[in-house]
Amino acid sequence: MGELMLGNKAFARGLYEAGCSVVSSYPGTPSTEVTEEAAKYDEIYCEWAPNEKVAMEVAFGASLAGKRSFCGMKHVGLNVAADPLFTCSYTGVNGGMVICVADDPGMHSSQNEQDSRHHAIASKIPMLEPSDSAEAYEFAKKAFELSEEYDTPVIIKMCTRVAHSQSIVEPGERVEPAAKPYEKNIAKYVMMPGNAIRRHPVIEERTGKLIALAESCEFNRVEMGDTALGIITSSTSYQYAKEVFGDKACILKLGMVNPLPEKLILDFAAKVDKLVILEELDPIIENHCKALGLCVTGKDVFPMEGEFSQSVVAQKLGMAVPESKTLDEQLPNRPPVMCAGCPHRGLFYTLSKNKCTVLGDIGCYTLGAVAPLSAMDMTLCMGASISSVHGFNKALGQESEGRTVAVIGDSTFMHSGMTGLANIAYNQSNSTVIILDNSITGMTGHQQNPTTGYNIKGDPAGKIDLEALCRAMGFQRVSVVDPYDLAECDRVLKEELKAAEPSVIISRRPCALLKYVKHNKPLVVAEDKCKGCKSCMRLGCPAISIKNGKAAIDTTLCVGCGVCSQLCGFKALEHAE
Amino acid sequence: MTKNVMIVGVGGQGSLLASKLLGKLLLNEGYDVKVSEVHGMSQRGGSVVTYVRFGEKVYSPIIDKGEADFIVSFEQLEAARYLEYLRPDGRIVTNTQQIDPMPVITGAMQYPQDLIGKLRAKGVAVDAMDCLALAEQAGSSKAVNIVLMGRLSKYFDMSVEKWEKAIEECVPAKFLELNKRAFELGRKAEA
């Protein structure tokens with residue numbers, strides 16, 4: 001009997017069994033658990049890198065040295081790592097190198113829903129796409145063989161429903177790969193023009209060989225059924241097709257999505273009456289089929305955005321979907337919120353109160369944009385808050401300098417905030433940058449980073465001193481505030497906005513969900529004092545509501561942070577005795 | 001025939017143990033099983049869903065509208081929210097606990113009244129219990145998930161022994177007796 005395994009855990013098992021020995025990644029939903037699970041094997045060196053570009057370069061270095069290596073990231077992380085990606089395609093590998101990129105159709109936890117297959121095509125790197133945990137496990141193992149045989153990094157594309165679904169896997173044993181000694185090879189590994197010019201044709205030749213492989217490889221398979229309908233598909237779309245049609249349609253299931261086969265597709269198309277292409281996001285298989293001269297149904301009926309499901313497939317192909325009931329009233333929705341006791345809340349309240357323009361960043365604190373705080377004007381990508389506040393202030397000068405801030409988390413600052421800060425120090429805009437230091441990478445589920453002092457296994461590690469770093473860049477004004485102290489936050493914010501030079505405010509308090517954080521007893525409402533003025537409600541704390549005209553504390557949620565009591569003019573919110 | 005169980009609740013309520021338990025139980029029974037979860041931003045106090053599907057061969061990892069045989073809910077409003085996913089002959093097993101969502105907290109909307117009654121008026125089979133009280137009776141407010149599983153077990157063919165074996169495989173030994181009590185209380189509660 002097999003074991004029920006999360007797709008990401010199965011992937012990690014595959015890495016382990018294939019003899020992978022170096023892993024470097026940056027966390028990003030839905031990719032994070034591949035690396036967290038890999039870190040549980042003593043045979044693999046694992047680390048969280050400051051960002052995806054660093055992670056990929058670490059994995060490349062390990063490959064160059066002759067070891068099997070891996071780096072994992074979410075779809076937008078691959079944009080950050082695109083620089084090494086495009087050129088390690090040219091150098092090829094020594095030890096096998098596998099890259100995981102996890103897409104997030106439907107944007108469960110992402111700022112866009114780009115299709116990572118474009119990166120594989122553009123960088124001319126083969127891409128495998130598993131459709132369940134068993135394939136994630138198998139493909140991870142086989143990707144190393146492919147990498148070494150074809151002298152290329154290999155990308156495995158996951159998506160939320162493969163990464164975060166559990167299905168049955170039958171694990172095997174780890175096999176140590178044969179040693180691949182490092183040999184100096186300037187023509188292959190030093191990518192200056194004279195060498196890169198000679199490598200490019202090698203890559204084109206490699207793509208030709210990979211297309212030949214795609215025609216007959218084990219990753220692509222035909223399942224014959226009724227020839228009235230043929231479906232070409234991959235990933236979870238394959239599962240939805242099987243759910244709807246079972247064995248009643250012909251399916252060409254592609255496990256290798258770059259490069260795509262030609263003869264295999266043409267032969268399949270010749271056997272069926274109608275050809276449907278089932279792929280989430282962009283029409284990549286579809287356009288390939290059209291270039292082969294085939295007439296297909298694809299994005300003319302299926303959406304470009306969001307996730308598919310069995311009902312989407314059935315409905316768009318004109319079939320019935322199950323009936324269901326609904327209530328006759330509109331129910332209040334339940335959007336994600338900053339947790340009770342979240343240290344970011346006090347700081348965002350202060351920004352909201354001071355009517356600041358807030359250029360935001362990526363993390364839990366993006367939820368500062370949610371009502372009632374609504375204290376964010378922009379979120380773009382990792383690190384953009386700092387670079388953009390500089391641009392904003394250069395554009396508007398004194399008009400914006402005194403009321404505009406960048407907010408960025410500790411992990412995001414390490415990821416790509418430092419270079420933006422260097423730009424402010426160098427090109428001198430009078431900008432105010434707030435680093436929300438909650439001592440962890442929060443949104444992705446508590447990963448360590450270079451500011452926390454611990455590594456991926458929880459052991460003591462190097463710790464970057466944020467104050468010293470900012471001062472070393474030339475910032476004279478660096479202050480630290482406790483976001484639970486609203487008066488102090490307000491005073492420091494006003495001072496730094498007023499100052500005639502750039503400044504950094506570090507808002508420091510650990511995430512309230514961290515195990516080592518001690519909580520106070522829940523606050524108590526003194527009903528005789530509460531006037532029902534709703535001042536405390538301006539915080540948007542999920543533990544506070546108004547019941548019968550008075551404030552009420554949900555004692556199962558309240559962690560006793562006391563920020564609300566600082567807003568109460570009637571001293572009605574009290575710490576328990 | 002594939003059977004579908006949806007587990008819904010509020011991020012942070014601990015639905016992962018419930019799906020882990022179901023997964024173990026169904027795997028022990030020899031079924032093909034798929035469990036699908038959502039991580040990341042929605043875990044921050046948002047509405048969360050886990051899909052558990054089992055049968056001879058399971059393809060899709062998700063449950064679509066009108067497909068769930070059971071909706072197991074940690075919170076009333078969430079039970080009502082996912083009604084569309086229930087088969088017309090399906091059953092809701094829910095905790096009666098109410099957790100105000102942000103639009104209610106800010107006063108923009110009211111928490112709907114008598115949701116259980118409205119669901120029953122629509123002809124929906126609903127088992128509603130104060131699982132928090134039952135869990136506390138068993139020894140810990142954290143055992144709400146096992147109380148709900150106890151109730152769900154009434155509608156499964158498997159013996160109590162098989163459920164208890166799956167619980168043993170999922171919880172630390174020192175909490176085993178507590179969880180067995182919570183299971184029993186959920187199974188036998190008035191609903």
Side-chain angles (χ1 to χ4, degrees), chain A residues 1-4 6 29-30 32-33 108-110 132 160-162 164-168 236 238-240 242-243 307 309-312 321-339 364 366-367 370-372 443-445 534 537 540-542 544-546 554 556, chain B residues 2 10-12 19-20 23-24 26-28 30 32-47 51 58-62 64-67 77-78 80-81 83-88 99-112 115 118-119 122-124 132 141:
Chain A
M1 189 174 71
E3 192 182 325
L4 209 50
L6 201 65
T29 312
T32 311
E33 300 82 3
H108 295 280
S109 201
S110 302
D132 61 14
T160 301
R161 295 301 178 185
V162 176
H164 287 164
S165 291
Q166 300 176 45
S167 54
I168 296 170
T236 47
Y238 163 78
Q239 305 290 358
Y240 304 140
K242 290 296 281 186
E243 188 76 30
E307 292 186 294
S309 67
Q310 49 269 36
S311 287
V312 168
V321 294
E323 285 177 22
S324 61
K325 295 173 180 172
T326 50
L327 288 181
D328 306 320
E329 64 186 284
Q330 202 202 337
L331 299 175
N333 58 13
R334 193 184 298 275
V337 291
M338 282 193 280
C339 307
C364 284
T366 312
L367 293 167
V370 176
M443 180 99 281
T444 45
K534 298 187 184 172
M537 300 296 290
C541 175
I544 314 173
S545 57
I546 297 288
D554 182 336
T556 64
Chain B
T2 302
V10 179
S19 59
K20 188 177 171 190
K24 288 267 186 220
L26 297 164
L27 207 60
N28 290 348
D32 187 20
V33 185
K34 281 192 176 167
V35 179
S36 192
E37 308 151 2
V38 168
H39 301 217
M41 187 172 266
S42 42
Q43 282 184 308
R44 299 282 170 267
S47 173
Y51 306 112
V58 179
Y59 290 107
S60 170
I62 64 174
D64 225 316
K65 288 175 183 168
E67 290 185 343
L77 176 58
E78 297 310 307
R81 186 186 313 289
L83 174 61
E84 271 191 297
Y85 285 79
L86 194 68
R87 287 165 57 98
I99 300 174
D100 288 347
M102 199 43 71
V104 172
I105 288 172
T106 60
M109 287 183 87
Q110 295 284 316
Y111 194 101
L115 282 169
K118 286 172 187 166
L119 287 166
K122 283 272 172 192
V124 181
L132 196 56
S141 60

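Just so we're on the same page: letters track the sequence lines, and every chain starts at 1. Quantities reported herein were computed from a predicted structural model and do not represent experimental measurements.
- The candidate from P372(A), C339(A), P542(A) with the greatest count of non-hydrogen atom pairs under 4.5 Å with chain B is P542(A).
- Partners of E323(A) under the salt bridge (charged side-chain N to carboxylate O under 4.0 Å, His left out) rule, at least two apart in sequence or in another chain, do not exist in this structure.
- Here the side chains of P335(A) and P103(B) are in contact, with some heavy-atom distance below 4.5 Å.
- Counting heavy-atom pairs closer than 4.5 Å to chain A, the top residue among K65(B), R87(B), K118(B) is K118(B).
- Within the model, atoms OH of Y59(B) and CD of Q239(A) stand 8.0 Å from one another, a figure rounded to the nearest 0.5 Å.
- The pair K122(B)-D328(A) meets the salt-bridge criterion, with a side-chain N (NZ, NE, NH1 or NH2) lying under 4.0 Å from an Asp/Glu carboxylate O.
- Put simply, OG1 on T366(A) and CE on M443(A) are 7.5 Å apart, with the number rounded to the nearest 0.5 Å.
- I105(B) is not listed as a side-chain neighbour of I546(A), based on a closest heavy-atom distance of 4.5 Å or more.
- Of the listed residues (T106(B), V104(B), L86(B), L77(B)), the greatest number of heavy-atom pairs within a distance under 4.5 Å of chain A belongs to L77(B).
- With a threshold of 4.5 angstrom between heavy atoms, E307(A) does not approach chain B through any atom at all.
- A distance of 10.0 Å separates OG in S545(A) from CE in M102(B), rounded to the nearest 0.5 Å.
- Proximity to chain B (any heavy atom under 4.5 Å) is shown, for Q310(A), by both the backbone and the side chain.
- The most heavy-atom pairs under 4.5 Å with chain B, out of T326(A), V312(A), V321(A), come from T326(A).
- Of all the listed residues (S141(B), P112(B), A108(B)), the one sharing the greatest number of non-hydrogen pairs under 4.5 Å with chain A is P112(B).
- Among the candidates G66(B), S60(B), S36(B), the residue making the largest number of heavy-atom pairs closer than 4.5 Å to chain A is S60(B).
- Proximity of R161(A) to Y240(A): side-chain heavy atoms (C-beta onward) are separated by under 4.5 Å at one or more points.
- For V33(B), the parts lying near chain A are the backbone and the side chain together; criterion is any non-hydrogen pair under 4.5 Å.
- Judged as a salt bridge (charged side-chain N to carboxylate O under 4.0 Å, His left out), and not counting sequence neighbours, the contacts of E78(B) are R334(A), R81(B).
- For chain A, the nearby parts of I99(B) are the backbone and the side chain; heavy atoms of each come within less than 4.5 Å.
- One finds the OG atom of S165(A) at 9.5 Å from the OH atom of Y51(B) (value rounded to the nearest 0.5 Å).
- Most heavy-atom pairs under 4.5 Å with chain B, from the set M537(A), K325(A), E3(A): that is K325(A).
- Within the 4.5 angstrom heavy-atom criterion, only side-chain atoms of D132(A), from C-beta onward, approach chain B.
- For chain A, the nearby parts of I62(B) are the backbone and the side chain; heavy atoms of each come within less than 4.5 Å.
- Counting heavy-atom pairs closer than 4.5 Å to chain B, the top-ranked of the candidates V370(A), T556(A), T236(A), N333(A) is N333(A).
- At a 4.5 Å heavy-atom cutoff, the contact between L119(B) and chain A is made by backbone and side-chain atoms alike.
- With a 4.5 angstrom heavy-atom cutoff, P332(A) touches chain B via backbone and side-chain atoms both.
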